Asks: 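Pasting a structure here, questions to come.
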Protein chains: 2
Amino acid sequence: MQSSNRRPGKIGRPPRLSREAILSAAQRILDEEGTGSLSMRRLAKELSSTPMALYHHVRDKDELLMMLLDAHAERFPRPELPEPPRDRLIACAQILHDILVGCPWVVEVLVSDSFASASAMWIVENMVDALIECGLTEEDAAYAYRVIWYYTVGELTLRFNRERARDQNQEAAPYRTRVMAAVAADDFPRLAVLGPRWVELTSADNQRRGLVAVVDGLLAQNA
Amino acid sequence: MQSSNRRPGKIGRPPRLSREAILSAAQRILDEEGTGSLSMRRLAKELSSTPMALYHHVRDKDELLMMLLDAHAERFPRPELPEPPRDRLIACAQILHDILVGCPWVVEVLVSDSFASASAMWIVENMVDALIECGLTEEDAAYAYRVIWYYTVGELTLRFNRERARDQNQEAAPYRTRVMAAVAADDFPRLAVLGPRWVELTSADNQRRGLVAVVDGLLAQNA
DNA sequence: ACCTGAACACCGTTCAAGT
DNA sequence: ACCTGAACACCGTTCAAGT
């Protein structure tokens with residue numbers, strides 16, 4: 001793509017847009033108008049330009065989102081890590097989660113491609129390293145990392161979408177309501193006992209506790 | 001919505017479309033043309049009708065997808081369940097996964113709302129029941145169910161999107177390739193050792209093994 | 001080299017009217 | 001009661017041309 005900072009042998013038209021300008025405009029839209037508002041067209045408007053001009057600086061929308069995520073990960077403070085490898089593993093997985101929880105718009109990109117942010121790779125490295133130090137083979141470490149990653153993606157995806165649904169229309173889908181009513185009336189005694197608490201309980205913030213269970217389950221399985 | 005099977009006191013125009021016809025046409029499109037091809041407009045065309053006619057029979061696209069999922073769950077064989085509650089829990093979670101793995105188009109709906117299929121509720125009921133029989137409180141059982149659900153959703157979401165990406169363009173996003181190259185060259189020794197195997201290892205089919213680890217981790221945590 | 005305008009090929013959904 | 005046609009308010013991306 002581009003790399004020029006106005007080179008001496010000035011060839012061609014001078015650029016008006018830059019990757020940095022595009023990224024910061026995109027971040028501004030995300031912050032001020034929310035996840036749903038970032039489109040290539042809206043972004044072009046923000047920059048007083050045209051949609052197509054953007055394609056000179058980024059390959060496509062996915063790459064744009066990935067770069068935004070990368071920038072966010074880079075800004076994130078890198079804390080001291082605790083030492084027994086199990087604790088380091090949990091700490092790293094939690095950091096990964098905490099980085100991503102700040103980017104609701106990331107769902108699209110998490111879901112469309114494997115996570116590949118250069119600025120967050122140290123976390124993945126540390127997780128795999130901790131797993132190996134816990135006695136797992138390289139293959140098992142890669143698999144265990146993946147299980148933690150699945151949990152994290154599932155938690156984030158459902159969290160963001162729950163928030164989004166609550167934001168825009170609180171009057172829940174009628175289909176869901178009907179199913180829930182059937183559950184309460186029918187022969188599902190366990191769910192009926194939980195009753196209306198069911199929804200609240202299952203959306204309570206137990207992310208960290210679940211993470212610890214997943215990690216310890218993996219370590220026990222591979223001990 | 002509709003409920004009529006040509007009532008004697010025939011009032012108004014007789015229906016040409018029905019919920020069943022809509023659902024089976026939608027399923028046909030999904031089977032023959034793939035997940036990406038199902039739109040309200042395409043579906044209307046399949047039925048030689050107009051997009052708006054559909055809205056007389058289903059509330060919106062999400063409800064349509066939910067009903068499709070429900071129909072799929074209903075067709076699914078309901079096997080004998082093993083008996084120590086831990087094994088029953090694993091079996092049920094696996095069935096839930098197996099039902100969903102047959103519906104790649106389900107990602108949209110999993111992600112947009114909590115799972116609420118009347119035909120699959122017996123599985124959730126069984127999972128919560130097994131967790132309580134394992135000694136968890138009702139609240140802890142609801143939370144543990146949720147953790148398993150997050151793992152399942154993450155696994156499915158990433159699985160489907162990996163497949164979709166492989167299907168349409170094998171020449172992977174250049175951004176991702178660049179990051180991977182940096183990883184190999186830079187100071188991530190653990191990931192570098194795994195090297196090109198990294199991607200394959202992390203996408204290998206270890207779904208069941210991960211599920212067992214998650215379940216046992218949860219049971220150990222709540223023992 | 002960088003940017004523009006117009007177009008392509010779509011979406012889900014609503015509104016007002018027709019039968 | 002059920003369906004249609006036209007429109008609203010969008011998408012991401014490509015192509016051919018302009019400066």
Side-chain angles (χ1 to χ4, degrees), chain A residues 1-22 25-26 29 33-66 105 108-109 112-113 164-165 168-169 173-174, chain B residues 1-22 25-26 29 33-66 105 108-109 112-113 164-165 168-169 173-174:
Chain A
M1 310 273 127
Q2 52 78 265
S3 57
S4 57
N5 289 2
R6 51 205 210 71
R7 264 118 66 240
K10 48 190 167 184
I11 30 158
R13 190 169 172 169
R16 286 194 352 173
L17 261 35
S18 68
R19 217 172 245 214
E20 296 75 49
I22 291 173
I29 294 171
E33 290 166 55
T35 300
S37 299
L38 183 65
S39 70
M40 297 306 264
R41 295 168 122 98
R42 173 73 190 82
L43 180 53
K45 205 160 274 169
E46 183 79 8
L47 291 157
S48 312
S49 184
T50 60
M52 255 319 286
L54 302 173
Y55 287 87
H56 253 267
H57 301 267
V58 297
R59 155 161 290 233
D60 54 22
K61 200 189 177 186
D62 266 21
E63 186 174 283
L64 177 70
L65 292 176
M66 207 55 228
W105 44 269
E108 288 173 66
V109 78
S112 76
D113 194 34
R164 197 159 47 117
Q168 54 193 216
N169 59 326
Chain B
M1 311 270 125
Q2 53 78 264
S3 57
S4 57
N5 288 2
R6 51 205 210 71
R7 263 121 61 241
K10 47 191 166 180
I11 31 160
R13 190 169 173 169
R16 285 194 355 173
L17 260 36
S18 67
R19 218 172 246 214
E20 296 74 49
I22 291 173
I29 293 171
E33 291 165 54
T35 301
S37 298
L38 183 64
S39 70
M40 298 305 265
R41 294 167 123 98
R42 174 73 189 81
L43 180 54
K45 205 161 275 169
E46 183 78 8
L47 291 158
S48 310
S49 184
T50 59
M52 256 318 287
L54 302 173
Y55 287 88
H56 253 267
H57 301 266
V58 297
R59 155 160 291 232
D60 54 23
K61 200 190 178 186
D62 266 21
E63 185 175 283
L64 177 70
L65 292 176
M66 207 54 229
W105 44 270
E108 287 173 66
V109 80
S112 76
D113 193 37
R164 196 158 49 117
Q168 56 192 214
N169 61 326

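Below, chain A is the first sequence line, B the second, and so on; all start at residue 1. Below, each value reflects all heavy atoms present in this structure, side chains not excepted, and no hydrogens, waters or symmetry copies. Since this is a predicted model, take the numbers as computed values, not measurements.
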Asks: What's the shortest heavy-atom distance between Arg42(A) and Ser37(A), and which atoms?
Replies: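 So the minimum-distance heavy-atom pair works out to CG-O, 3.3 Å.
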Asks: Rounded to whole Å, how long is the line connecting atom NZ of Lys45(A) with atom C1' of dT4(C)?
Replies: 15 Å
Asks: Rounded to whole angstroms, how far apart are NE2 on His56(A) and P on dT13(D)?
Replies: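 Answer to the nearest Å: 15 Å.
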Asks: Using atom P in both nucleotides, what's the gap between dA9(D) and dA9(C) to the nearest angstrom?
Replies: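 Their P atoms lie roughly 24 Å apart.
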Asks: Provide, to the nearest angstrom, the distance between the CD atom belonging to Glu108(A) and the C1' atom belonging to dG12(D).
Replies: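 Whole-Å distance recorded here is 12 Å.
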Asks: Could you state the atom-to-atom distance from CG of Asp62(B) to C1' of dG12(C) in whole Å?
Replies: 11 Å
Asks: So Trp105(A) and Leu38(A), do their side chains get closer than 4.5 Å, heavy atoms only?
Replies: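 Counting from C-beta outward, Leu38(A) and Trp105(A) never come under 4.5 Å.
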Asks: Among dG12(D), dT13(C), dT13(D), which nucleotide has an atom closest to any side-chain atom of Ser39(A)?
Replies: dG12(D)
Asks: Among dT4(C), dG5(D), dT13(D), which nucleotide sits nearest the side chain of Met52(A)?
Replies: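 Nearest to the side-chain atoms of Met52(A), counting from C-beta on, is dT4(C).
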Asks: Rounding to an integer number of Å, can you tell me how far Ile22(B) CD1 sits from dC2(D) P?
Replies: 11 Å
Asks: Tell me: CG of Leu43(B) to C1' of dC11(C), nearest whole Å?
Replies: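 The answer, rounded to whole Å, is 14 Å.
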Asks: Which listed nucleotide (dC3(D), dC3(C), dT13(D)) is nearest to the side chain of His57(A)?
Replies: dC3(C)
Asks: To the side chain of Tyr55(B), which of dT4(C), dG5(D), dG12(C) is closest?
Replies: dG12(C)
Asks: Hey, which sits more toward the 5' end of DNA chain C by its nearest nucleotide, Gly36(B) or Thr50(A)?
Replies: Thr50(A)
Asks: Distance check needed: dT4(C) P versus Leu47(A) CG, whole Å only.
Replies: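 Leu47(A) atom CG is separated from dT4(C) atom P by 10 Å.
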Asks: For Ser48(A) and for Arg41(A), find the nucleotide of DNA chain C with the closest heavy atom, then tell me which residue's nucleotide is more 5'.
Replies: Ser48(A)
Asks: When you compare the side chain of Met40(B) with that of Met52(B), does any pair of heavy atoms fall below 4.5 Å?
Replies: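 No, side chains not in contact.
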Asks: So, does Arg42(A) get its side chain near the phosphate of dC11(D), meaning an N or O under 4.0 Å from OP1 or OP2?
Replies: no
Asks: My understanding is that a pair needs two contacts under 3.5 Å, Watson-Crick or G-U wobble. By that rule, which nucleotide pairs with dC3(D)?
Replies: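 Because no pair has both required distances under 3.5 Å, dC3(D) counts as unpaired.
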Asks: Write down the distance between CG (Leu54(B)) and P (dT14(C)), rounded to a whole number of angstrom.
Replies: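 It works out to 13 Å between those atoms.
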Asks: Can you tell me if Arg59(A) touches the phosphate of dT13(D), counting only side-chain N or O atoms and a distance under 4.0 Å to OP1 or OP2?
Replies: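 So the side-chain polar atoms of Arg59(A) never come under 4.0 Å of the phosphate oxygens OP1 or OP2 of dT13(D).
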Asks: Using the rule side-chain contact (heavy atoms from CB on, under 4.5 Å), only one of Leu65(B), Leu64(B), Leu43(B) pairs with Val58(B); which is it?
Replies: Leu64(B)
Asks: Both distances below 3.5 Å, Watson-Crick or wobble geometry, any strand: find the nucleotide opposite dG12(D).
Replies: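 Across any shown strand, dG12(D) pairs with dC8(C).
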Asks: Among dC3(D), dC3(C), dT13(D), which nucleotide has an atom closest to any side-chain atom of Met40(A)?
Replies: dT13(D)
Asks: Quick one: are Leu17(B) and Ser49(B) in side-chain contact, heavy atoms under 4.5 Å?
Replies: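 In contact.
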Asks: Identify which nucleotide among dC3(C), dC2(D), dT4(D) has an atom closest to any side-chain atom of Leu17(A), counting heavy atoms from C-beta outward.
Replies: dC3(C)
